[in-house]
Protein chains: 2
Amino acid sequence: MPMDMQFDLAQIAPVKTAPDAGCGAQYCDRCEVRDRAICADLEATDRTTLNRIGRRAVLKAGQTVMWEGDSSTLVANVIEGTLKLSTSTADGREQIVGVVYASDFIGRPFGSYTPHSVTALTDARLCLYPRGAFDGFAREHPALEHRLLQRTLDDLDRTRAWMLLLGRKNAREKVATLLLDMRNRVQADAQGTIELPLSRQQIADVLGLTIETVSRQVTELKRKGVIALVGRRGVRICDVEQLESIAEGE
Amino acid sequence: MPMDMQFDLAQIAPVKTAPDAGCGAQYCDRCEVRDRAICADLEATDRTTLNRIGRRAVLKAGQTVMWEGDSSTLVANVIEGTLKLSTSTADGREQIVGVVYASDFIGRPFGSYTPHSVTALTDARLCLYPRGAFDGFAREHPALEHRLLQRTLDDLDRTRAWMLLLGRKNAREKVATLLLDMRNRVQADAQGTIELPLSRQQIADVLGLTIETVSRQVTELKRKGVIALVGRRGVRICDVEQLESIAEGE
DNA sequence: CGTATCGTTGAAGCCAGTCAAAATGGGTGG
DNA sequence: CCACCCATTTTGACTGGCTTCAACGATACG
């Protein structure tokens, strides 16, 4: 599936819309991310109001929901799946500036344009809100704004930490750091294998490297016995301490 | 002055403390950044309350106010001067993750530790608040939290845009982009010369380059007639269009 | 089983880093 | 005002790590 696939609005299926429309309070009550998303500590009545302006949407891997530079019309909670945030230079060089998971918030509230594109890496489900309506609701609900602030502050910390990687780490350290990051973010299976949500090209776009350099560094880590590869996307970290010391530059 | 100079608490002089202590509402009324800082649209009474928990502090260039990894005990408004936010690897490689100017907000509210160091690049003046007290005040004043959210969202956008530079631009594009950024941030004099708040080493630390590479790129831009140098810190941009096209990769 | 996509490997070149030395300029004291 | 000093910046020569270009191998899917 090509990564530049267009996001077909017709494919944003309002899923199982209830009589009172929106996500429907009854759906929120059984929402998978209910107590981790920003709407978590809203009163039941407020949640009902918020639900009324929301719509569920289903995305296939590769679909883009928002484009860099477009006017900001939508924000959303991620219910399921993994998505990338990316920016590009005029001549097509891409940098992934963030990877978001279930319960994360996407889009640019309180701003007129979208600073980066948002693209599904896996099949995904969102709870979409029109930005204007969301902004209005948020301004009237300090508890929601507070959670949004907390989340934004955390994002900023993570993003700034990543700047150190991009600006000052070498290829070996970059790859090791990413694998450790994935270890914290992605659930491992019984054998301790984690399924990377990123292709080699996407790893390169996160780390500011080329796909060939990523491949060589991964192969080198495998040769040393620090990691083991399981198919294309699977990685098992065999020696966490050594990987950590490699990530920090020995 | 060594950049690792310790921040001597004794040097945080409570300036002209008025009878009612704090910054003193009467000082806020003539505060230089009064209508640009986050406290801008507070009611007079709320501002008085906030002032009561604030203290003015004076910094000399090179002094560090907050250290990466320390527990977060202070936040502040920048009243005057320029400061850098930076993180480092264990072996001492540094990355500047942000540069802040008058009216900007620094520190990590609603978090237990400081994710980056904050160091004065020029002499500076701050309006300091104990974090706990500030957090409490902010939670009770949605208008303040909203401004803080807006600011944090803007910071995040800028930071992510910088990731594209760090990960995907070459040395020439990096230097050109920085000069254009400085053009927007720093006031030029009558001849159009801007006084950079950063040394060559600091420019290197912002761009993820070495000082030698920065110097060579600056020299090359001068040779082409795109910029002119005035002393060590002064730069005049002679051909903005060309600099912009260089920043975007021709 | 065939094929398109993705990932790996190899060889060569180049950009930025490293190490070393010279030049500049801002500040100080005579 | 000038000479001197020291930190900063520039310049030069060389190295090396990452990219580029190309071909090959593996894997998932119809």
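By convention in this document, chain letters (A, B, ...) are assigned in the order of the sequence lines, proteins followed by strands, and residues within each chain are numbered from 1. What you see below is based on every heavy atom in this structure, not just the backbone, and it leaves out hydrogens, waters and symmetry mates.
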Rounded distance (Å) that lies between atom C1' of dA23(C) and atom CD1 of Ile211(B):
14 Å
Spacing between Gln201(A) atom CD and dT5(C) atom C1', to the nearest angstrom:
13 Å
What I'd like to find out is whether the side chain of Ser86(A) reaches to under 4.5 Å of the side chain of His116(A), using heavy atoms alone.
no
Would you call Ile106(B) and Asn77(B) a side-chain contact if the rule is heavy atoms closer than 4.5 Å?
no
Dump the pairs, protein N or O against N or O of nucleotides 19-21 of chain D, anything under 3.5 Å, distances to one decimal.
unit_1  : atom_1 : unit_2    : atom_2 : d
dT19(D) : OP2    : Thr210(A) : N      : 3.3
dT19(D) : OP2    : Thr210(A) : OG1    : 3.1
dT19(D) : OP2    : Thr213(A) : OG1    : 2.5
dT20(D) : O4     : Arg216(A) : NH2    : 2.8
dC21(D) : N4     : Glu212(A) : OE2    : 3.1

Trace of the salt bridge (Lys or Arg N to Asp or Glu O under 4.0 Å) decision for Arg160(A) with Glu68(B):
CA-CA 12 Å; Arg160(A) 284 176 167 157; Glu68(B) 175 180 5; over 6 Å; no
Side chains of Leu83(A) and Val99(A), heavy atoms from C-beta outward: is any pair under 4.5 Å?
no
Can you confirm whether Trp162(A) sits close enough to Leu166(B) that some side-chain heavy atom of one is under 4.5 Å from a side-chain heavy atom of the other?
no
Test log, rule salt bridge (Lys or Arg N to Asp or Glu O under 4.0 Å), inputs Arg168(A) and Asp205(B):
CA-CA 9 Å; Arg168(A) 292 303 187 199; Asp205(B) 290 339; 2.8 Å; yes
Between dT11(D) and Ser215(B), is there an OP1 or OP2 to side-chain N/O distance shorter than 4.0 Å?
no
Under 4.0 Å protein heavy-atom contacts per nucleotide of nucleotides 24-30 of chain D, with B for base, S for backbone only and - for none
--BB---
Flag if over 12 foreign heavy atoms under 6.0 Å of CZ, Arg183(B)
no
Distance in angstrom units between Asp91(B) CG and dT18(C) P, rounded
11 Å
Atom-pair distance (CG on Asp205(B); C1' on dA16(C)), nearest Å
16 Å
Take atom CZ of Arg233(B) and atom P of dG26(C), then tell me their distance rounded to the nearest Å.
11 Å
Please work out which residues in residues 242-249 of chain A have a non-hydrogen atom less than 4.0 Å from an atom of DNA chain C and list them by number.
none
Is any side-chain heavy atom of Ile203(A) closer than 4.5 Å to one of Leu196(A)?
yes
If the test is side chain to side chain contact (heavy atoms under 4.5 Å, CB included), which one of Leu221(B), Val186(B), Leu229(B) qualifies with Val235(B)?
Leu229(B)
Any Leu243(A) side-chain heavy atom under 4.5 Å of Leu180(A) side chain:
yes
Begin with the C-alpha distance, continue with both residues' side-chain angles, and end with the deciding distance and a verdict on salt bridge (Lys or Arg N to Asp or Glu O under 4.0 Å) for Asp104(B) and Arg151(B).
CA-CA 8 Å; Asp104(B) 285 341; Arg151(B) 213 169 252 281; 3.2 Å; yes
Would you say the side-chain atoms of Thr89(B) and Lys169(A) include a donor-acceptor pair closer than 3.5 Å?
no
Measure the distance from NZ on Lys174(A) to P on dG17(D) and round it to the nearest whole Å.
15 Å
For residues Met66(B) and Ser117(B), determine if any side-chain heavy atom of one lies less than 4.5 Å from a side-chain heavy atom of the other.
no
Report the C-alpha distance between Glu195(B) and Arg232(B) in whole Å, list the side-chain angles of each, state the deciding distance to 0.1 Å, and finish with yes or no for salt bridge (Lys or Arg N to Asp or Glu O under 4.0 Å).
CA-CA 9 Å; Glu195(B) 192 76 5; Arg232(B) 289 193 163 168; over 6 Å; no
In degrees rounded to 10°, what angle is found between the helical axes fit to the five outermost pairs at each end of the helix from dC1(C)-dG30(D) to dG30(C)-dC1(D)?
40°
Step through the shown structure and confirm whether more than 12 heavy atoms of other residues, nucleotides or ligands are within 6.0 Å of CZ on Arg172(B).
no
Taking only residues two or more places apart in sequence or in another chain, which ones pass side chain to side chain contact (heavy atoms under 4.5 Å, CB included) with Glu212(A)?
Thr210(A), Arg216(A)
Rounded off to whole Å, could you give me the CG-to-C1' distance for the Leu229(B) and dT10(D) pair?
11 Å
Protein-nucleotide distance (Lys169(B), atom NZ; dA16(C), atom C1'), rounded to Å:
18 Å
Kindly state which residues belonging to residues 193-200 of chain A come within less than 4.0 angstrom of DNA chain C, counting heavy atoms of the residue only, listed by number.
Ser199(A), Arg200(A)
